[in-house]
Amino acid sequence: MPCVCSNCEAGCGLTAWVDKKTMTVRKYMGNPLHSGSRGRNCAKGYAVESQMYDPDRIPFPIKRAPGSKRGEGKWIRTTWDEALETIGKKMHDTLKVGDEMSKKLIMYHVGRPNENGFSGRVPHTMGLDGFDSHTNICSAGARQGSIQWANDDRNSPDWANAKLIFLQSSHAADAGHYFQQSAGLIADARKKGAKMVVLDPRLSNSAGIADLWLPVWPGTETALYLYLANRVLHEKSINGDDLVDHDFVKNWINWDRLMANKEYLQFMVLKGYISKVPENDSYESFIEVMRELYAPYTKEFVVKECKLEGYEYKLDELFDIFIDAGSRIATYLWRAGPIAHRGGWMITRAGFLPLALRGAMRGDIGGVSWHHWHEISVGGKGDKATVAGKKPPKVDVWNELAWPPEYPLSTYEMSMILPHLLMDEEWQNKWRAKGLNVPTKLSVWIPRMYNPVWINPDGFRWIECLKDESKMELTFNLSPTWSETNWYCDYVLPVGLAGERHDQQSAPTKPERWTAFRQPVLRVAMEKMGWKPKVEHRGTLEAHMKAGLGEIWEENEFFAELLCTYVDPDGSLGVRKYWESAKTPGKPVTVKEYYNAAFELLPNLRKAAHAAYPGSEYPCYEFMRDRGAWTEKTDIYKPQEEELEFDGTYYHAHGHKYHTDDVTKDEFGVLWIVDHEGRMRSIGVDIEGKLHEGFHTPDKKLDLFCEWLIDWKWPEYALPIYPRNEREYDKMIHIVSQVHHRYMKADNEYALNTVYRLPYNIHTRSVNSKHLMEISQNHNPIWISTEDAKKHGIKRGDAIKVRIVDTVSNLESGYFIAMAVPTEATMPGVLACSHHAGRWKLKNAVDIPGFDHKLGIMGVGAPLYEMTMDGKVGTLKPKEGIDKGVKSRPDTWQFKEFNKDLDNIWWDGLSGSWQNAVAPVHPDPIAGNHAWHQKVIIEKAGKDDKIGDIYVNYENNFKTYKAWRDDLTRPLDSSDKERRPFWIKRPVVPLSKKAYEVDIKDI
Ligand code: SF4
């Protein structure tokens, strides 16, 4: 049975091999019909089987025992029906009030979505501004840089045809976003002779096999990218030609707007960026401006700034490789730097500059394009199958808990400070007095496959907030496994893993548009063998119960029934119609109806499906059910150059037509219309007499010059820039990393590199996959360079105390005790400890009244710990290793056939620690993301300290959150009439003009 891996965002195809006699999955392999993954998977893909038959899998819905407190660990068994009824009533009562506030009190907090649109449809159909993603702890810095250049969420490289694979960190080649598919394509390119360059303070697997590894001080990469730009601007090729691709830059970069803005050019003079305002606004003058602007980023500057002393020759090698690749340079500037630092977004912004100058951002063969062109999103568009028959209107309210007024430009929701905002009455009162209707609580908080207590910074703050029932009145996690967060929820509702749920998933992994269809493989197998569910809209739940997997459901069927039958039973809230079946009114829409309607939206798929399944009621559904993957379009290159048709009366653009009377052209050749909300929107651009669709920016070009940053109070960053001297470090503090070497004074002060992903860990869900845990063992040592280790007398295996200190508030957060591993694989001055390990639990198992077996908790993945917390200080201490915990119960009551080898578990998991809890939140003042890296002070551990111990002063962490918020941001004020630039989408759920409008009182 085909399905899709759900263990990261890549969405690789899987095929489940189902044993028809036992109705179990014997193995998961790749799906060769999936043109993105091409039949391949990483270790996490094959490990889906051990996740599926996890001995500690939650077998049925559980609920906090009546009378117990959150976190006490007392649970009772409940039913899906009871959960639907209780939760549905609470949501109904909240929405029934019908005022603005009621639309802010339900929050759907999505971890890794691994689907394209369904999760956003849930709050959207309720009219809520109530979606929180995990993105601001994940990749929002990189997305901000991409939005600034192209108003596109992320770039999309053509790895396979590149001549240079240009990587910052291990992402793409050996871990992280889309890595398995990217790694295969990168290998293809290298086979054809492509070079690979890796910038990373850590010798990752990718760096180890690269042609060139540059260990750059974390957070200073911007300087290096501007150095490349400087050389491209000033030097010539061996033929004496300019290195700048003038044809591309002149036509597709918005240099003309910079040259037309004399006031800004004057500002640049005042700032010392350039010496004088150019005499004219010609392209040639622009190039002169660029040359002057980037001239200070010399080799000497970069060597000092990036701490590359001794590696000067590598910079020359880098430049030669960069130039030799021409415009065939592929990159994916993603997690690592951009999410690790204050101003990390500028790393992405500056990183694209030398590529743009070389023409590599044209979206052509072997270069860089943008994700919108390569990704298919129809998962939220099955509306035709519902009574409503169309999508819901835009949402009319703005939720300050998702988008506080301090962060109007935040890339995604400020979800990592949700508990801080909920508990910060001073902040709430301040903005209420200024006229904003700020929520003080949530009525329902719904994490979906998310574990913020463990993975977010300042975990004790999350626990405090979750424990406070006046702040989060009802909570339920849709979660296939146990997690640290589940421990503090009211309900844990077990939903399916990769082969146990329906989702449409697509990812921009190559220059084509593919989509895959995740599905519950046992259900599909049983249906093919003649089985039918008694209740069609509960087919997945019934199938899993019948097959002995447990009472495991899926979000799609759950939400359709919850919202149709329980939240809005009589349709009076206007929600029901979006979830009620058009075919069988009165019943929730079924997954077959929904996904058939969604896939019908893809013309080529529709044609193929109707031809393959003539006369079928659900041809598109059946087509995807049997193939699991489809490629709608291949070879998508230079889509911005797509010509815009004009027939003499109408302009035809993006599938719409616009009457010539309604279209105006500005002095830069951009075609504008007024949309139904009364806003100017561009539809195309005239370049040298030809009309093109252009990029997604309002000016339809790549925005070297982000003019809008001037209006939004950040004029100094409207161009890619980096401080050049001490005075500018202070002035431009917003783009100087909190772990810059200038903050490291004593010889035991270090930058801690936290954000690298281990290819065998999956955020939170891998915790009890025994195959993955056998590789990772919850092992989380701290890397220290041999030179630094020698200096401190630290040997391999020594326990060291790692104290985290904030460089804005100057407060100490506490410490974690880590196991030191001296190595040549991290640069001197920089420690490395991935934040993807260090799991814990507070009980080995729980008793469920009336149930014969104990429910084990993360038995193969998390050691047992003891916790204390008093509202100010929290501690965690290891108590028992994984091996001992499993030995005390070597047998399992469920999935015995798959778990005969539990007595082989040898790892204790005690070499990791929960560093995330010690880290305070660092909200970037512009991109809004958490800047992950930390300044640390190390010392040898005391005699009573054990590896894994943590001590957290989370009262100090709260002060640090306030310092970053109040000392670094430029909040909305009475001069602002909108909450955010309207053309930068609020991701996921569309908001109306009314929602964007704001009126702030001066007080
Ligand atoms: S790269 Fe991601 S989606 Fe692909 S097999 Fe690995 S975990 Fe699964």
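Read the numbers this way: they start at 1 and go in the same order the structure lists the ligands and their atoms.
- Ligand 1 lies under 4.0 Å from heavy atoms of C5, N7, C8, A10, G11, C12, N41, C42, K44, G45, Q180.
- Looking only at side-chain heavy atoms (C-beta outward), E375 and T509 stay at 4.5 Å or farther from each other.
- Using a 30° and 60° split on the angle between ring planes, Y332 and W159 fall in the perpendicular class, above 60°.
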- request: Test ring pair (Phe, Tyr, Trp, His ring centres under 6.0 Å) on H544 and W553 and set out the steps.
  value: CA-CA 8 Å; H544 288 154; W553 209 358; over 10 Å; no
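- Side chains of Q504 and T515: a donor on one and an acceptor on the other come within 3.5 Å.
- There is no side-chain donor-acceptor pair under 3.5 Å between E413 and T135.
- Side chains of H177 and W334: a donor-acceptor N/O pair is present below 3.5 angstrom, by distance only.
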